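Worksheet: the structure to be examined is printed underneath.
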Amino acid sequence: MNAFDTITDAIVRDIPELRREDLAFAPPPKLDMGDVSLRAFEGAKKLSLKPPQLAARIAQEVSFGPEVAEARPAGPYVNFRLDRGAVGRRITAEIAAQGDAFGSLGLGEGVKALVEHTSINPNASPHVGRARNALIGDSLVRLLRFEAYDVEVHYYVNDMGRQIALLVLVCDDPKQMTFDDMLVRYVEANERAKADAEFAEQGYELLVRMEEGDSETKRRFHEVTDLCLQGQVAVLGRLGIHYDCFDRESDFVKDPRLEKVLEALRARGSLFTDEDERLVVDLQKLGHPYEEGRYFVLMRANGSSMYGCRDLSYTIDKLERGAALNLIVLGEDHKLYAQQLSLILEAAGYATPEQVYYAYILLKEGKMSTREGKVVLLSEFLDEATQRAAQKVQEQWPDLSPEDQQAMAEQVAIAAVRFAILRVNPTKNVIFEWESALSFSGDTGPYVQYSCTRIASILRKHGESLPSEPPSAFPVSEDAEWGLLLQLAAFPETVSAAAENRAVAPIAQYALETARKFTTFYHQCPVLTAETGELKMARLHLCQATLQVLKNALGILGIEAMERM
RNA sequence: GCGCCUGUAGCUCAGUUGGAUAGAGCAACGGCCUUCUAAGCCGUAGGCCGGGCGUUCGAAUCGCCCCAGGCGCGCCA
């Protein structure tokens, strides 16, 4: 499993007080200090020794196998000099054996997971801020599937509510409209509602009819929201984002399961009708610690339900599907709301989906706003990226057919867009800048892809396919080779940490670092013209292993590794 | 005002959950294509890790207090 098992085994055998999990390896800051380092902090704490004492003890008392040439204490670390060839051969052999599954610990074997993400209101084209939700969600799904979870992806279609009602009001004949028309109408409708109280009131009335289940009203809502949803899903599909289930909010009005929740709230004395005849939950009775956000309105005075009401039913519906892991990706503006929902669910004896939050993508001028036209739409972002990539492809591969050029350009564009958004921790506010977001050089998706094509090119020129097992003679002559091997060996722990933390950004960082280490190797170590046949074979296997790891990492990010670019 | 998130090179971001001399890219400057794809590489320069006090062998990382930005806080979703 671990590349350094022989070291670990020897230590726990000779110092039985230590266990495998007390022993953590790290690459040394400089490779001339050693081939790999063992940290003595954790073990020292356990044996109540000072780290340098334990390091010295390990170096002195443990008798290591032939793979360890030297074990030297260095302060709180033990630096090992290894038989790089023997260890390197084992690393590449393992990667070859596990192939597309290398890096997966199978954490989710036999576990059902339900992930809800995107869930944009069906009234606008997704902008890059919303795309952050979809991309994080989609990559989490890929990460969980990589760890063998059985994942079902849900998209909650908010096909109800005041804003949708207003949109429906101005869409007389949706059949004649396009997705883009609808976006224009949406803005108009909202402006009109602000100025025209009567129009706004009509919206509420329509909403009431919708809740009462009036079939004609329902049909109109569906027509409008379907068109929007199709437009949204088409844009997201270009990025490789797909869903298993579309759950309509309108299917959760007057849900019988809500009664059980209301019952529980009454029992806790937290449900009341306020002076304006609204049905309200006093969350303080359920343990909410602050005055702010204490009240949660479920029903309007006219008896129509608020968003949260339907969301409660929907969440219960998701919980009852029997997934052991229930995840939802939410904008950070939903934090308080999710806590409120969670208190109510808890009071009614339900669990709460685990939340993954992300912060907004801002413009230099400030927040994005669909209504004010201050947005970067995902579709225009993708178009621009594809166009720029196509230019580059045209220069690079003029003889390729236009179709192949286009396909190549799209893969590069998707890589650029997905990587630019995914590599940043979701808690960070990022400022969107066209120049850096559309860059194909430096810390980008295309850079990682480029490393893959270089490897593919070497393997192609070699001609014959490699034997599945690396040869027993496996020379490792340069630090660049060893550095790359160490990096490859770290993939499984990177993946499992990412899965446990529900974080996908570390995978992107890992892919970048791996690509950089490969490039160093590429420039320092000729493969096809290596000095000896043995060295050439070892390097070919190292190339193949690197390609496999990069493919697996990129797969989690939803990025294609290509043969050429 | 209260709560949550963020603050690291001029700019955009990493930093293996408290560990060795804080790392990349972009921008700038200087080099490298008869040599496996220059969407690349090498080099130079760039740091009070927002500020202060603490916790300990040891802090960018943990705690408290400030400062700045983002988000949220009763008939929007």
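In what follows, chains are A, B, ... by sequence order, proteins preceding strands, each numbered from 1. From a predicted model like this one, the values you see are computed outputs, not experimental measurements.
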Answer with base, sugar-phosphate or nothing: what part of the nucleic acid does [X] contact at a heavy-atom distance below 4.0 Å?
X	result
A:Tyr447	sugar-phosphate
A:Asn123	nothing
A:Ser436	nothing
A:Phe440	base
A:Asn425	sugar-phosphate
A:Thr444	nothing
A:Cys525	base

Assigned partner base of [N], Watson-Crick or wobble definition, under 3.5 Å:
N	answer
B:rC4	B:rG70
B:rU37	none
B:rG25	B:rC11

Anti versus syn assignment for B:rC41, with syn defined as within 90° of 0: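 That one's anti.
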If anything within 90° of 0 is syn and all else is anti, what is B:rU6? anti
Taking the side chain as every heavy atom from C-beta outward, state whether [X] and [Y] have any atom pair closer than 4.5 Å.
X	Y	answer
A:Ser305	A:Glu211	yes
A:Leu343	A:Gln339	no
A:Val78	A:Ser37	no

Return whichever of A:Pro526 or A:Gln339 has its heavy-atom-nearest nucleotide of RNA chain B closer to the 5' end. A:Gln339
List, with names and distances, any nitrogen or oxygen atoms from the protein found under 3.5 Å away from nitrogen or oxygen atoms belonging to nucleotides 73-77 of chain B.
from: B:rC73; atom 1: O2'; to: A:Gly293; atom 2: N; distance (Å): 2.6
from: B:rC75; atom 1: O2'; to: A:Arg300; atom 2: NE; distance (Å): 2.9
from: B:rC76; atom 1: OP2; to: A:Tyr204; atom 2: OH; distance (Å): 2.5
from: B:rC76; atom 1: O2'; to: A:Gln163; atom 2: NE2; distance (Å): 3.2
from: B:rA77; atom 1: OP1; to: A:Arg162; atom 2: N; distance (Å): 2.8
from: B:rA77; atom 1: OP1; to: A:Arg300; atom 2: NH2; distance (Å): 3.2
from: B:rA77; atom 1: OP2; to: A:Arg300; atom 2: NH2; distance (Å): 3.4
from: B:rA77; atom 1: O2'; to: A:Asn121; atom 2: OD1; distance (Å): 2.7
from: B:rA77; atom 1: O2'; to: A:Asn121; atom 2: ND2; distance (Å): 3.3

Ion pair check, [X] and [Y], cut-off under 4.0 Å:
X	Y	answer
A:Lys46	A:Glu42	no
A:Asp251	A:Arg248	no
A:Asp32	A:Arg81	no

